[in-house]
Peer 1: 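Before we start, here is the structure in question, set down as structure tokens.
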Amino acid sequence: MPKSLIVYREDNADLDRLKDKTVVVIGYGNQGRAQALNLRDSGVDVLIAGIQDSSTARAEADGFHVIPIAGCAQKGDVLMFLIPDEVQRKVYEESLLPDLRMGHTLCFGHGYNFHYGLIRPPANINVILIAPRMIGTVVRRAFEHGKGVPAYVAVGQDGDGKAKDIMLAVAKGIGSTRAGAIELSFESETILDLFVEQTILPIFIKSMVWGFEILVDAGFDPGIITLEMYGSGEIAEVFRACAETGFFRQMKFHSRTAQYGELSREETMLPESVRQRIREELDSIRTGAFAQEWAAEESASFPRFNALMAAVQKHPINDAERQIAQLVELGSSLGADNEATR
């Protein structure tokens with residue numbers, strides 16, 4: 001049997017652990033902005049570290065003092081490392097490592113680089129994980145409404161004996177102890193996150209693309225197909241109901257026709273071989289094979305990634321989205337660029 005989960009609440013965390021400390025939020029994207037604003041509203045001293053771009057301009061507009069990443073460890077005690085995974089190692093080695101000392105806490109928003117050993121902080125440095133289970137805009141909106149979103153939390157290294165207290169204080173500062181800060185290892189957070197990205201979502205993407213192409217071939221209007229499959233937001237509400245009511249229990253909101261169609265075809269829609277393919281992908285994540293593949297892709301300047309992205313931008317589904325968006329006022333803007341979640 002798996003061990004019981006440990007969930008930390010408001011009473012388990014003390015914001016005074018951050019008193020007389022400065023938190024440096026490195027990166028002011030989706031998560032960086034939300035967490036920085038929440039921490040500041042919680043009474044924490046916050047600086048922003050970044051390169052001069054639109055995100056740091058936004059940070060300045062939000063009233064933050066912005067400093068360069070190089071040397072930022074000299075200005076702060078808790079370093080919230082919220083830049084993309086693929087650039088963290090280089091930034092860490094060039095701009096953080098020279099200034100790290102006992103008493104510093106390096107906080108990751110995702111366990112990837114620490115779990116796979118791509119970043120190995122000195123033993124006297126605290127290393128913690130705080131990974132909200134929601135995009136940054138919702139992290140912020142929930143906080144503003146007196147609520148919070150759950151987060152996975154972990155201590156990877158306890159350099160000075162205070163890592164857990166600081167971890168819980170930061171989790172409280174961003175609002176996550178309001179909903180529950182769930183203790184999980186760096187390993188588990190990393191594997192679970194990559195597993196969903198590399199198995200569940202690819203199956204979903206492929207099924208949507210195939211569905212679109214088959215319906216177009218059958219003579220249906222491309223724009224209407226995108227509206228029916230996801231453009232109206234109905235499928236997003238189904239997933240919201242899964243989270244709020246339960247994966248199968250939410251089916252009570254569907255017609256019996258829909259329930260029968262979903263359950264009877266679920267048994268045969270995917271071949272059993274897909275189950276084995278999912279297991280193989282889990283093994284690739286666990287052994288580090290994917291991490292090696294991604295590192296090689298990065299060192300080669302992302303040739304396959306760029307080719308894959310270029311290919312999907314040329315897919316007819318993009319034109320179909322624009323067509324229907326011009327005809328129907330939708331709750332969200334199809335085709336609009338969204339900020340990265342980390």
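Residue indices begin at 1 and follow the sequence shown.
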Peer 1: Treating Ile, Leu, Val, Met, Phe, Trp and Tyr as nodes and any side-chain heavy-atom pair under 4.5 angstrom as an edge, say whether Val127 and Leu118 lie in one connected cluster.
Peer 2: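 As far as the 4.5 Å side-chain criterion goes, Leu118 and Val127 are not connected within one cluster.
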
Peer 1: Using atom types as modelled and distance alone, determine if a side-chain donor or acceptor of Gln35 lies under 3.5 Å from a backbone N or O of Ile174.
Peer 2: no

Peer 1: With no hydrogens and no angle check, is any side-chain donor or acceptor of Asp158 less than 3.5 Å from a backbone partner on Lys162?
Peer 2: yes

Peer 1: Around atom CZ of Arg304, are there more than 12 heavy atoms from other residues, nucleotides or ligands closer than 6.0 Å?
Peer 2: no

Peer 1: Once rounded to the nearest 0.5 Å, what's the spacing between atom CG of Leu215 and atom OG1 of Thr226?
Peer 2: 11.0 Å

Peer 1: Do Leu201 and Met229 sit in one hydrophobic cluster, given that two such residues count as connected whenever their side-chain heavy atoms are within less than 4.5 Å of each other, even indirectly?
Peer 2: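 Cluster IDs for Leu201 and Met229 differ.
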
Peer 1: Return the CD to CG distance between Glu144 and Asp41, rounded to the nearest 0.5 Å.
Peer 2: 7.5 Å

Peer 1: As an exercise, state the distance from CD of Gln74 to CZ of Arg101, rounded to the nearest 0.5 Å.
Peer 2: 8.5 Å

Peer 1: For atom CD of Glu234, is the number of surrounding heavy atoms from other residues, nucleotides or ligands below 6.0 Å larger than 12?
Peer 2: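 Counting other residues, nucleotides and ligands, CD of Glu234 stays at 12 neighbours or fewer.
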
Peer 1: Cluster question for you: counting only ILVMFWY and a side-chain heavy-atom cut-off of under 4.5 Å, with indirect links fine, are Tyr152 and Phe195 together?
Peer 2: no

Peer 1: Tell me whether the rings of Tyr112 and Phe290 are parallel (<30°), tilted (30 to 60°) or perpendicular (>60°).
Peer 2: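 Aromatic pair Tyr112/Phe290 classed perpendicular.
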
Peer 1: Just so I know, are the side chains of Leu96 and Cys72 near enough to count as touching, which here means a heavy-atom distance under 4.5 Å?
Peer 2: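 Yes, at least one pair of side-chain atoms sits under 4.5 Å.
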
Peer 1: Would you confirm whether Arg277, through its side chain, and Glu272, through its main-chain N or O, come within 3.5 Å as a donor-acceptor pair?
Peer 2: no

Peer 1: Given 3.5 Å as the limit, does a donor-acceptor pair link the side chain of Asn126 with the main chain of Asp160, or not?
Peer 2: yes

Peer 1: Does any non-hydrogen side-chain atom of Val312 lie less than 4.5 Å from one of Ile205?
Peer 2: no

Peer 1: List the steps and the verdict of side-chain contact (heavy atoms from CB on, under 4.5 Å) for Leu282 and Ile191.
Peer 2: CA-CA 8 Å; Leu282 176 58; Ile191 291 174; 3.7 Å; yes

Peer 1: Give a yes or no on whether the backbone of Ala73 and the side-chain of His104 come within a donor-acceptor separation of less than 3.5 Å.
Peer 2: yes

Peer 1: Please determine if Arg322 and Asp319 form a salt bridge, counting it only when a charged side-chain N lies under 4.0 Å from a carboxylate O.
Peer 2: yes

Peer 1: Compare every heavy atom of Leu82 with every heavy atom of Val25, then report the nearest pair and how far apart it is.
Peer 2: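 Heavy-atom minimum between the residues: CG1-CD1, 4.1 Å.
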
Peer 1: Measure the acute angle between the ring planes of Phe108 and Phe114, then classify it against the limits of 30° and 60° as parallel, tilted or perpendicular.
Peer 2: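 Judged by the thresholds at 30° and 60°, the geometry between Phe108 and Phe114 is tilted.
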
Peer 1: Would you check if the side chain of Gln250 reaches a backbone N or O of Phe247 as a donor-acceptor pair within less than 3.5 Å?
Peer 2: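 Yes: the side chain of Gln250 pairs with the backbone of Phe247.
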
Peer 1: Could you state the interatomic distance from CD (Glu183) to CD1 (Ile6), rounded to the nearest 0.5 Å?
Peer 2: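 Between atom CD of Glu183 and atom CD1 of Ile6 there are 4.0 Å.
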
Peer 1: Can you tell me how far OG1 of Thr245 sits from CZ of Phe253, rounded to the nearest 0.5 angstrom?
Peer 2: 4.0 Å

Peer 1: Honestly, is Arg89 close enough over Tyr116, meaning NZ or CZ under 6.0 Å from the six-membered ring centre and within 45° of the axis?
Peer 2: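 Arg89 over Tyr116 ring: no.
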
Peer 1: Identify the two heavy atoms, one from Val139 and one from Pro132, that lie closest to each other, and give their separation to 0.1 Å.
Peer 2: CG2-CB, 3.9 Å

Peer 1: Take atom CD of Glu228 as the centre, draw a 6.0 Å sphere, and report whether it contains more than 12 heavy atoms from other residues, nucleotides or ligands.
Peer 2: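 Not buried by this count: 12 neighbours or fewer within 6.0 Å.
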
Peer 1: After noting the C-alpha distance and the side-chain angles of Met309 and Gln313, does the key distance pass the side-chain contact (heavy atoms from CB on, under 4.5 Å) rule?
Peer 2: CA-CA 6 Å; Met309 289 301 297; Gln313 294 306 315; 4.1 Å; yes

Peer 1: Walk me through whether Lys21 and Thr105 qualify under side-chain contact (heavy atoms from CB on, under 4.5 Å).
Peer 2: CA-CA 11 Å; Lys21 293 187 183 296; Thr105 298; over 6 Å; no

Peer 1: Going by atom types alone, do His315 and Glu213 pair a side-chain donor with an acceptor below 3.5 Å?
Peer 2: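 Short answer, yes.
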
Peer 1: Do you know the tightest heavy-atom contact between Val153 and Ala171?
Peer 2: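 Answer, listing the atom of Val153 first, then Ala171: CG1-CB, 4.3 Å.
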
Peer 1: Does a salt bridge link Glu298 with Lys90, judged by any charged N lying under 4.0 Å from a carboxylate O?
Peer 2: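 Salt bridge absent between Glu298 and Lys90.
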
Peer 1: How many angstroms lie between OG1 in Thr22 and CG in Leu47, if you round to the nearest 0.5 Å?
Peer 2: 6.0 Å

Peer 1: Does a side-chain N-to-carboxylate-O contact under 4.0 Å join Glu237 and Arg240?
Peer 2: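 Yes, Glu237 and Arg240 are salt-bridged.
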
Peer 1: Check each of Leu194, Leu192, Asp193 against Ile285 using the side chain to side chain contact (heavy atoms under 4.5 Å, CB included) test, and report the only one that passes.
Peer 2: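 Running side chain to side chain contact (heavy atoms under 4.5 Å, CB included) over Leu194, Leu192, Asp193 with Ile285 returns exactly one hit, Leu194.
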
Peer 1: Check whether the side chains of Glu321 and Tyr230 place a donor and an acceptor atom closer than 3.5 Å, and report yes or no.
Peer 2: yes

Peer 1: Check whether Val87 and Ile119 end up in the same hydrophobic cluster, where Ile, Leu, Val, Met, Phe, Trp and Tyr are linked by side-chain heavy atoms less than 4.5 Å apart.
Peer 2: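 Result: yes, single cluster for both.
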
Peer 1: Is there a donor-acceptor pair under 3.5 Å between the side chain of Lys172 and the backbone N or O of Ala13?
Peer 2: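 Checked: pair present.
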
Peer 1: Hey, are the side chains of Ile48 and Asp62 touching, using non-hydrogen atoms and a 4.5 Å cut-off?
Peer 2: no

Peer 1: Would you say Asp53 has more than 12 foreign heavy atoms packed within less than 6.0 Å of its CG?
Peer 2: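 Buried by this count: over 12 neighbours within 6.0 Å.
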
Peer 1: Quick one: sort the Phe81 and Tyr92 rings into parallel, tilted or perpendicular, breaks at 30° and 60°.
Peer 2: tilted

Peer 1: Closest heavy-atom contact between Ser42 and Leu15?
Peer 2: O-CD1, 3.8 Å

Peer 1: Would you indicate whether the side-chain heavy atoms of Val238 and His254 approach each other to under 4.5 Å?
Peer 2: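 The answer is yes, as the side chains (C-beta and beyond) meet within the 4.5 Å cut-off.
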
Peer 1: Spell out, as yes or no, whether a donor-acceptor pair under 3.5 Å connects the side chain of Glu281 to the backbone of Thr199.
Peer 2: no

Peer 1: Would you check if the side chain of Arg178 reaches a backbone N or O of Lys147 as a donor-acceptor pair within less than 3.5 Å?
Peer 2: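 Yes, because the side chain of Arg178 sits within donor-acceptor range (under 3.5 Å) of the backbone of Lys147.
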
Peer 1: Linking I/L/V/M/F/W/Y whenever any side-chain heavy atoms sit under 4.5 Å apart, do Leu308 and Phe302 land together?
Peer 2: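 Per the 4.5 Å side-chain linkage, Leu308 and Phe302 are not co-clustered.
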
Peer 1: Hey, does Glu189 have a side-chain heavy atom less than 4.5 Å from the side chain of Arg133?
Peer 2: yes

Peer 1: Considering non-hydrogen atoms only, spot the tightest contact between Val24 and Gly76 and give its length.
Peer 2: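 For Val24 and Gly76, the tightest heavy-atom pair comes out as CG2-CA, 3.6 Å.
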
Peer 1: Counting distance only, does the side-chain N/O of Thr56 pair as donor-acceptor with the main-chain N or O of Ile51 below 3.5 Å?
Peer 2: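 Judged by distance alone, yes, a pair lies under 3.5 Å.
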
Peer 1: Can Val46 and Met80 be said to form a side-chain contact (heavy atoms from CB on, under 4.5 Å), step by step?
Peer 2: CA-CA 10 Å; Val46 179; Met80 307 280 288; over 6 Å; no

Peer 1: Could you report the tightest heavy-atom contact between Val78 and Val170, atom names first, then the distance?
Peer 2: CG1-CG2, 4.3 Å

